[in-house]
Structures are given as C-alpha cells and as structure tokens.
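Chain letters run A, B, ... following the sequence lines, proteins first and then strands; every chain starts at 1.
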Protein chains: 2
Amino acid sequence: MDTRKRIIKVAKSLFHNRSYADVGIKEICDKADIQKGSFYHFFSAKRDLVLAVIEEFAEDWAHGFVHEAFDPDLPPMERIDYLIDAAYFWQKAAKNLEGHMPGCLFGNLALEISTQDDVLRAKLSAVFHMARERFKSTLDEAVASKIIAPLDTQRTAEAMLAYLEGMILIAKASNDPETIYRLGSALKSIRIEINA
Amino acid sequence: MDTRKRIIKVAKSLFHNRSYADVGIKEICDKADIQKGSFYHFFSAKRDLVLAVIEEFAEDWAHGFVHEAFDPDLPPMERIDYLIDAAYFWQKAAKNLEGHMPGCLFGNLALEISTQDDVLRAKLSAVFHMARERFKSTLDEAVASKIIAPLDTQRTAEAMLAYLEGMILIAKASNDPETIYRLGSALKSIRIEINA
DNA sequence: ATTATAGTTGACCGACCGGTCAAGTCAAGA
DNA sequence: TCTTGACTTGACCGGTCGGTCAACTATAAT
C-alpha cells in the first residue's frame, strides 16, 4: 500500500544525493526493503520511476518551502529574500547530514539527462516553468505596488530562476552553502528592461 | 603516440553530450579505435580519465573562447557581451550538430559528481575559480576606468559566473539556446555592493 | 466457497560494467 | 644483433546492470 511511496521516497533521496545513473534499482529496493519484482509491479522501468520522482517532488516543493517563501502576506520582494534563506538553510542542513551539498534535484537531473530523454527533459522544464511563474507573479505584484520600477517581469523572472540555479551549482561545486548566503543578495538586483 | 590525446578527445565529447556515468570505457575505446588494454596503459581508471579531461578542457577553454572574450583590447564591459555571444553561438552550433544543447561540461560534471568524489569536485571548483578571476579582473578594470560604479568585484564576479552557469542550465533544460540570448543582457546588471 | 485481482517473492536472464593480464609488436639505444 | 621498454592486442574476470517471470500470498467481492 505504501510500498510505492516508499520506493519513490528512497529513490528521491538517492537520486538527489548521487545521480540518476549512479543509483541502481537493486540499491533502491534494498533501502526500501522490498524485492525487485515488487518494484516492477509499480514501475515499468527505471525511467518511469524518475518521472514519478520528479512529479512528486515538484508537488512537494510547490506546496512546501516554495509555497512558504512566496507567501502572499509577505511584501513581494521579501519573499525572494525568504526563498534565498530557505535554500541556504536547507542546503546547509543537508550538508550537515550527508557531508555534501546535494544541490537542486531538478537542476541535477536536468543537466544529467536533458540530452538523453526528451520527455524527462520536458518534465523538468515544466517544473522550472512553474517556478518561474512564481517569480513572475511576485514581480508583477511588486511593479503594480510601485515597489520596483517597471521591467520585463517575464524575462526577469526567468533570469532570477537561472541565477538561483547557478548559485546552487557553484555552491555545490565548492561544497559550501555559504556561497548561497554570499551571493543571494544579488538576486533582487537582476533586471531585464521591457524594451530589451 | 596520439592515442592518449585521442582518448581524451573522444571522452570529452561523450561526457559532454551525455554524462560521466552513462559513458562506458568500451564505448570510448571503440570510438577512439583502440582496445581496452591500451586505454589502461594510459589511464589507471575511469576516474583518472575524467580528471585528465577536466584539466585539458579547462586549458582549451582558458586559451580558447574565454581568452578571446576577455580580450584586453575590448572595453571591459563589452567583453562580457562577447562572452554571452560566444556561449550562445557555441551552444546553438552544438545543438544543430547533435540535436541537443550540451550545456557546460564543467557545470554538468559538477552537478553529477561533486557529491561522490571530492578530488574531482575540487578540480571543478578550481576551474570555476579561474573563470571567476577573469570576471573579477574585468570588473576591477571597469571600476578603475570609472566605467561602472565601485562594487564588490570579488562577489559580483562570482555572482556573474553563477548566473552564466544558471542560464546555461535553464537553456539546456528547455533545449533552447535562445534562452541565453534572451537572458544574457541581465548579466551586466548584476551587482553586489561593497558593504553588503 | 470461489474467483479475481493486487501485491510480493526470489531465482533467473543476457548484457554490460570497470578492470586485468599474458602475449605480442615495434622502434630506439647499446 | 640483442635488449629494453613503450605501446597494443584481445581474451578474460567477477560483479552489477536493468529487467523478466512463474509461483505464491493476501484481500475483497461474488
């Protein structure tokens, strides 16, 4: 009954902390305390599993700390600060637990499999699209409230997401969560003008 | 005599277009027209190979288009435009050849293996450090020439590199080089103030 | 009580993985 | 001419990979 969820949970953790290709189905089954045959009752292939992992974690993410960060009760631009803080503490906590910064599951998977599976690539792209929309509506609100000067909110939102992912990438490469703290303040300074 | 170089060249291309874990030594040997035994004459392990690949491509990169982009004869901030252009055209050309945007070799490897091999992680971090120094000296020059207002050049350089990698990540996830073109203009708007 | 169905087990498959090795080729130095 | 050592060959290793399957159990509807 909860077997499927347990598989996804274990896989999510392993994929996030290592990589898709490096984690075998055997290991997932062992850690989830099930047999291989049981695994293939729920998933037709490893590819199916990672798809489910992406979908479920995207959901978790959207309703978890992203939802908290983009809290409508917060002033728009403070939500972005909150997001940086959340990312920083999350990565720091993960490093303390595992010894390594895992980075962003979606970013990791995107770079690993985008060239190899177009469906998975599109799924990941959709997750980024969703995140971008959060930034965009926040920016729209900030512009409408005259908190910031008008700008191309669509593109700026995309740029902010890119910067967030890039920060996490660099931080992971140096295995230093402080990188996020150090670079986070520049996120709000990113602007793409309307006519550009 | 050129066997070693041929191995590295083939491996570089395969790692870049797929991933480290997904490419086997057999395939590398086949594409390089050698036997496995020959491979292990030059490299003691697969890990050794990827280390050599990182080192050599970092060299290529530094003396290749990065060197061109950070041309001392260009006005400082134009070098950054040039870099974006170069990244855009390179990724676009690669996509036309292979059907997929390969992204940045270093970024790809960093996210794939940073949690699994600390030596490789440090090597990749060093490559990013080198790139960051390019940005920093460009910014220092721009500040000295009063082209831009004083800022924390160290951190801003790091932030610019992060943004560059993030743009490429998002572009790869959507398999659309135009993303780089669309977001590139924001690179120069990134600022981290001195006191922050 | 019977049947259908969901879930589970554990042995099994061929292919491929990274890596080894003994045997040989070949060019340069003595 | 003989020896050395870099280089190459191709068969081979144990282990693991993703995936299959027939048999079994448990549950629930008929």
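A/Asp48 places its CG atom 13 Å from the C1' atom of D/dG19, with the value rounded to the nearest Å. Taking atom CZ on A/Arg4 and atom P on C/dA6, their separation rounds to 15 Å, with Å as the unit. One atom, CD1 of B/Ile25, and another, P of D/dC12, lie 20 Å apart when rounded to the nearest Å. Between the CZ atom of A/Phe42 and the C1' atom of C/dT9 there is a distance of 13 Å, rounded to whole Å. One atom, CZ of B/Phe43, and another, C1' of D/dA6, lie 15 Å apart when rounded to the nearest Å. Whole-Å rounding puts the A/Lys26 NZ to C/dT9 C1' distance at 14 Å. Atom C1' of nucleotide C/dT20 and atom CZ of B/Phe39 are separated by 13 Å, given to the nearest angstrom. Residue B/His41 contributes atom NE2, which lies 15 Å from atom P of C/dT20 at whole-angstrom precision.
Residue B/Lys46 places at least one side-chain N or O closer than 4.0 Å to OP1 or OP2 of C/dG18. Between A/Ser44 and D/dG19 there is no side-chain polar atom (N or O) within less than 4.0 angstrom of OP1 or OP2. For D/dT8, neither phosphate oxygen OP1 nor OP2 lies less than 4.0 angstrom from any side-chain nitrogen or oxygen of B/Gln35. The shortest distance between the side-chain N/O atoms of A/Thr3 and the OP1/OP2 oxygens of C/dT8 is below 4.0 Å.
Listed nucleotides D/dT9, C/dG19, C/dA11 differ in distance to B/Lys36; the shortest reach to its side chain belongs to C/dG19. The side chain of B/Ile34 sits closest to D/dT9 out of C/dC17, C/dT9, D/dT9. The side chain of B/Tyr40 lies closest to C/dG19, out of D/dG19, C/dG19, D/dT8.
Sorted by first and then second residue, the pairs that involve residues 50-59 of chain A and meet salt bridge (charged side-chain N to carboxylate O under 4.0 Å, His left out), not counting sequence neighbours, are A/Glu55-A/Lys123.
Along DNA chain D, the nucleotide closest to B/Gly37 and the one closest to A/Gly37 are compared, and the more 5′ of them pairs with B/Gly37.
Counting only N and O atoms by type, the side chains of B/Tyr40 and B/Lys36 include no donor and acceptor under 3.5 Å apart.
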Is there a ring pair (Phe, Tyr, Trp, His ring centres under 6.0 Å) between A/Phe135 and A/Phe70 once you walk through the steps? CA-CA 8 Å; A/Phe135 277 107; A/Phe70 288 101; 5.5 Å; yes
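Residue A/Gly24 is in sugar-phosphate contact alone, with no base atom involved, counting any heavy-atom pair closer than 4.0 Å across all strands shown.
Listed here is the closest heavy atom pair of B/Cys104 and B/Ile168: N-CG2, 3.6 Å.
The pair A/Asp117-A/Arg121 fails the salt-bridge criterion, with no side-chain N (NZ, NE, NH1 or NH2) lying under 4.0 Å from an Asp/Glu carboxylate O.
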